[in-house]
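Each remark here refers to the structure printed beneath this line.
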6 protein chains.
Amino acid sequence: MPPRPSGRAADALRPVSIETGFARHAEGSALIRMGGTEVLCAASVEPRVPPFLRGQGKGWVTAEYGMLPRATHSRGPREAAKGRQSGRTQEIQRLIGRSLRAVTDLGALGEISITVDCDVLNADGGTRCASITGAWVALRLTLEKLARNRVLSRVPLTAQVAAVSCGLTAAGPVLDLDYDEDSAAAADANFVLTETGGIVEIQGTAEHSPFSQAQFETMLRLAQAGTAHLFAAQRAAVDAALAARSDAS
Amino acid sequence: MPPRPSGRAADALRPVSIETGFARHAEGSALIRMGGTEVLCAASVEPRVPPFLRGQGKGWVTAEYGMLPRATHSRGPREAAKGRQSGRTQEIQRLIGRSLRAVTDLGALGEISITVDCDVLNADGGTRCASITGAWVALRLTLEKLARNRVLSRVPLTAQVAAVSCGLTAAGPVLDLDYDEDSAAAADANFVLTETGGIVEIQGTAEHSPFSQAQFETMLRLAQAGTAHLFAAQRAAVDAALAARSDAS
Amino acid sequence: MPPRPSGRAADALRPVSIETGFARHAEGSALIRMGGTEVLCAASVEPRVPPFLRGQGKGWVTAEYGMLPRATHSRGPREAAKGRQSGRTQEIQRLIGRSLRAVTDLGALGEISITVDCDVLNADGGTRCASITGAWVALRLTLEKLARNRVLSRVPLTAQVAAVSCGLTAAGPVLDLDYDEDSAAAADANFVLTETGGIVEIQGTAEHSPFSQAQFETMLRLAQAGTAHLFAAQRAAVDAALAARSDAS
Amino acid sequence: MPPRPSGRAADALRPVSIETGFARHAEGSALIRMGGTEVLCAASVEPRVPPFLRGQGKGWVTAEYGMLPRATHSRGPREAAKGRQSGRTQEIQRLIGRSLRAVTDLGALGEISITVDCDVLNADGGTRCASITGAWVALRLTLEKLARNRVLSRVPLTAQVAAVSCGLTAAGPVLDLDYDEDSAAAADANFVLTETGGIVEIQGTAEHSPFSQAQFETMLRLAQAGTAHLFAAQRAAVDAALAARSDAS
Amino acid sequence: MPPRPSGRAADALRPVSIETGFARHAEGSALIRMGGTEVLCAASVEPRVPPFLRGQGKGWVTAEYGMLPRATHSRGPREAAKGRQSGRTQEIQRLIGRSLRAVTDLGALGEISITVDCDVLNADGGTRCASITGAWVALRLTLEKLARNRVLSRVPLTAQVAAVSCGLTAAGPVLDLDYDEDSAAAADANFVLTETGGIVEIQGTAEHSPFSQAQFETMLRLAQAGTAHLFAAQRAAVDAALAARSDAS
Amino acid sequence: MPPRPSGRAADALRPVSIETGFARHAEGSALIRMGGTEVLCAASVEPRVPPFLRGQGKGWVTAEYGMLPRATHSRGPREAAKGRQSGRTQEIQRLIGRSLRAVTDLGALGEISITVDCDVLNADGGTRCASITGAWVALRLTLEKLARNRVLSRVPLTAQVAAVSCGLTAAGPVLDLDYDEDSAAAADANFVLTETGGIVEIQGTAEHSPFSQAQFETMLRLAQAGTAHLFAAQRAAVDAALAARSDAS
């Protein structure tokens, strides 16, 4: 089998960094970079919930996703100018929101909403996975702030959540596809996992031909190993941000 | 564990029927019923392809999805009147289209497009899965017609494709959720499979708490067994329709 | 004069059937077939009225109309995907709503709204007329149900309403145009009548050249005779549905 | 029976005036006043036809309708700001277009399109009828100009067309309803007629209770007498405009 | 330097007229003509304010702008049919609204809103400036009416406001550009001024090459002189309208 | 007079930095920071021009503007989700585009289009001015690249263009308003100037009361001095980027 275009090992993530505080007005924010993919995740708190939840004493966590027109190789039309969000955009933002809610104790939030905006500044594959991983950091920092300000009595998160893609490529099953690999893969899957090994979301798609259960399980193992690094990066970013905050107080 | 609300066994499908020819003008159509869910799938042929494919000698297969406003327990707003398709609608129609393309030899189609409209007349859970299973029948009949009319030299399908949902419920892991089960499941997954055992799409979602790899594999086994019945129902419907046509000729 | 393309007599309706209960969740529904035209009419009750009626103690009856993309000879664009309802769609749904309101005692309804969705599954001319005739059945069954459940003290309908088209064709003035006749008619008119002989709506249009008062009166006479059959079909469908319900109780 | 609110006789039109040339850039224009209703009709020529007519050597005549936000008693929302034309607007502009096409020899036009914009500056009932009557004058002047410029060899009109409303009111059947009468009428009908007595369009609506054939025929007779005055006003306006033009040459 | 296309002196306005009362239902209206440009300004009062002002005891003045499709040399698309207002339209209506609010004591209005609709019937350059000048008259008459009806204790205007364009053309710096001059000007500026010499808005744009401070000041002087005539025309129109009203009482 | 909230001198800009190359795929990009305002400007080249320019051998430069939802103190709705760009957004992007075109020799571009996307990542007042200043750098780098690649024979820019706001505040006339100053200013003006002292655009607005010509001229002088620093920052950023490129070659 040929090597990966990037020369990475099959089970190697791209370099990951998470910078907090980039969005100065947001209650919590994370600028996550995975190789050439860069997503700004910014969380906002509002003291109300959507109509279908009113009066139940529960909170809500949701997400919106966007891509700057020239985040990609060739410029795409601005969705605000087109007057509608694409099906792809809506699908991704629904996925991010579900992933965050799966690890949040909504009952402990009270009637507040948190929206995490995930905007792709530079794209090189894996933007939905990077969004989820970064959004969790923005959400965690926001909840820490609400707890510090005594809006919440504790941080109502039940787990860490992070996401990574895997694919079946000419180089075999590999972890964390970049754009070139993604375009050429026979199949790919996005795995949204918790640090305790739980599965939150799986989206597997055969682009060219169906894949087997064994291939699927190989991809899942790669994802489990890969997300271990992402969970560590999340913790490091959160710890550094909290330390800086406590220094400042 | 309590029994399923419907009294079905954990691995039992709801009654399935596939009636062809309901849409009189369509090149191929199938009205599929899975219990209380009823979807009309109608295929249309156009002698052109979308702009991004022009001049490549390849064809295209796509799908659109809709739900009559009162297909559900309480009336939903008409998407045409609201002026936009919901994120859910777009996500589903993208899934149906990808599933059909995964088993179609687009290069052998030539520059024609086939659109399969999947409209839900009555909904009781599992509408996206029923749409895929029915759409394949409509597509197959359409391709048979094109082959009979010598537009195509053969039927360019590489496999059958069908879909079913599974879920983790109070009654344990079960096959083919109806609406009540779907609303209460801790997790559910939609499996789009081929009759040769291949995986075309997997969408697994933890609604309340993450699930394990073992639970996922149990659901996959249920789906593999369940779709065997769907493949048989597809073949029976196609055979009957082709027999009726050849009687007529 | 040549015969009609279908061989029907000038004053002959196409075969009519009305099947109730097709839409399982609706408070009342009717699947009406007039020859190759097939419309599903489903009524929904909501315990509120539009803003302009609030606080007056009166109810509201309205209708929405749609056509499945492949109900017609060649596939039309899905209005939900286009993002707007066509002028034709809006004109038709306004007509259906007015026709139903003309025979409903809105003051006796109280502050509830009934929306009748008319969705064309197969089209062969006359879809707006079939919608009105079927919608009345769906409305009647809904009001019967509300009366049986003591939401209403009586069924607040003042008459039956049904509709049929007439046209001036090569075969002379004829009743109940199918698609081929409609496309070629010099003029056509839709008549919405009550079983007591009253006129609720008339829409007459000269497609190619103006028509005379005498021609118009001939068409009206055809419509009066034709709707007599439709009124009988409505009564038969309602009686059968009510009998089945009382058997079930 | 009480008199009409305006004191007019049952068969009396409101004062009518037609001023040509108000829209300075238009190929033909007419500002029509019927009592307190005032509509500016402006025709525009384009050297192309809609896609469905291309290559057939035939022309097209269409209309658009609008109402200034404060043409009415209380301000209505601006349709451009709402982002969609109402169903009423679309219904009216379709009616105007059909009425004009019914008296135009489209085959003699060649592949040009004429759009007549009908914008209501002040509204007091009967705006759709005034639009049709004024639009015909704008169309006629436009065709005269095209003939004078040798774009056309003759004026391809087969008749005059004008429109008027009638209604069943507390004062009995009356001609040319103003806003107050229109709001309170039990039924009303719009008649689009030719000067040769032909019927181009009829739209009759029972607002509160069905009406009889005899009532309908009374309204038709009122309309036939009333439009005779409108045809005379159209001819006078056209003659004056043509005379002024030939003076100028 | 060549003369202006119209033969006007550099500092000459086009003929100006302001006719009040054209929009019969409006609380105040002005039909302003500046040469071939003609704008109908109609003010409407509503007893409520936008959400962001509620409960503050202050009023609001805003404007909307539109152009009839055939107000211009060639027909433009109807914004209501396109489904959105252009950026140009929105920019102009925001400018008109700001200009009116700058001379209105909103605190003295109380919680009422006044919307001034400015609709261009004929366009020959300078439509936004004519709109502002006419809108002030419509607003003044509306406020006079509210004061006369004791809704307001006084007319809460702090100044007159009027607007005019200037440009750098082949004929040098000139006042009040018509369409031909506007299309060819190297730069142009719109000045919104008060009769006391204050500047409310300035919008200066270099179309082809930057201009100098000295050129800008020349244009400002032309505008100051030009608006003196517009203020006189506003006063004359208001005085005549108020005199007619008091005669009528 | 009180000092400015930020303690800055009346004629002091906020700290300015311009980082090139942030948008990795863009032909030219600049991330400009002016105090707490941060805008990413990314230029894209397309080998075609808008319809109104086709066949004239000239190019086009345009801009689009957006703001991330949480660039501001409280989260604003995402324009893509709302389905339309606000009037403010359209006004700003039209201004940026005009400013760039005023210093570009479009005839020397040939039939190519350059779109500069200006997306606000963090907002603290002056985003439209920062966009213009940054967009010029992105445009310059893009044109340099096209010249280096021999698509263009020279860089077709006639001047530098930069922009800054001034306002009349409690601290007197001041340069470069931040958000707090902007909200409270009696008047403000945006000046788009060239390094040779020319005026490209002026937008002056009295928020609360009209201002005088003298006040306006004071603001213009502040802007002329302030933009001198911006022109220097632009040149430094461009020189550094070009040096890095030539090192790389």
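These figures come from a predicted structure and were not determined experimentally. Below, read A as the first sequence line, B as the second, and so on, with proteins coming before strands; counting in each chain starts at 1.
Per-residue counts of heavy-atom pairs under 4.5 Å with chain A were compared for B:Ile202, B:Thr158, B:Ile199; the largest is that of B:Ile199. With chain A as partner, the option from B:Ala189, B:Ala187, B:Gly198, B:Gly87 having the largest number of non-hydrogen pairs under 4.5 angstrom is B:Gly87. Counting heavy-atom pairs under 4.5 Å between each of A:Arg101, A:Glu201, A:Gln224, A:Glu217 and chain B puts A:Glu201 at the top.
Both the backbone and the side chain of B:Thr205 come within contact range of chain A, with heavy atoms under 4.5 Å apart. Contacts between B:Ser86 and chain A at a heavy-atom distance below 4.5 Å involve the backbone alone (N, CA, C, O). If you measure heavy-atom distances from B:Arg88 to chain A, the contacts under 4.5 Å come from both the backbone and the side chain. Looking at A:Gln213, both its backbone and its side chain come within 4.5 Å of chain B, counting heavy atoms on both sides. A:Leu220 touches chain B through its side chain: at least one heavy atom from C-beta onward sits under 4.5 Å away, while N, CA, C and O do not.
The shortest heavy-atom contact between B:Pro210 and A:Ala102 is CD-O, 4.5 Å.
We find the CD-CZ distance between B:Gln90 and A:Arg84 to be 7.0 Å, quoted to the nearest 0.5 Å.
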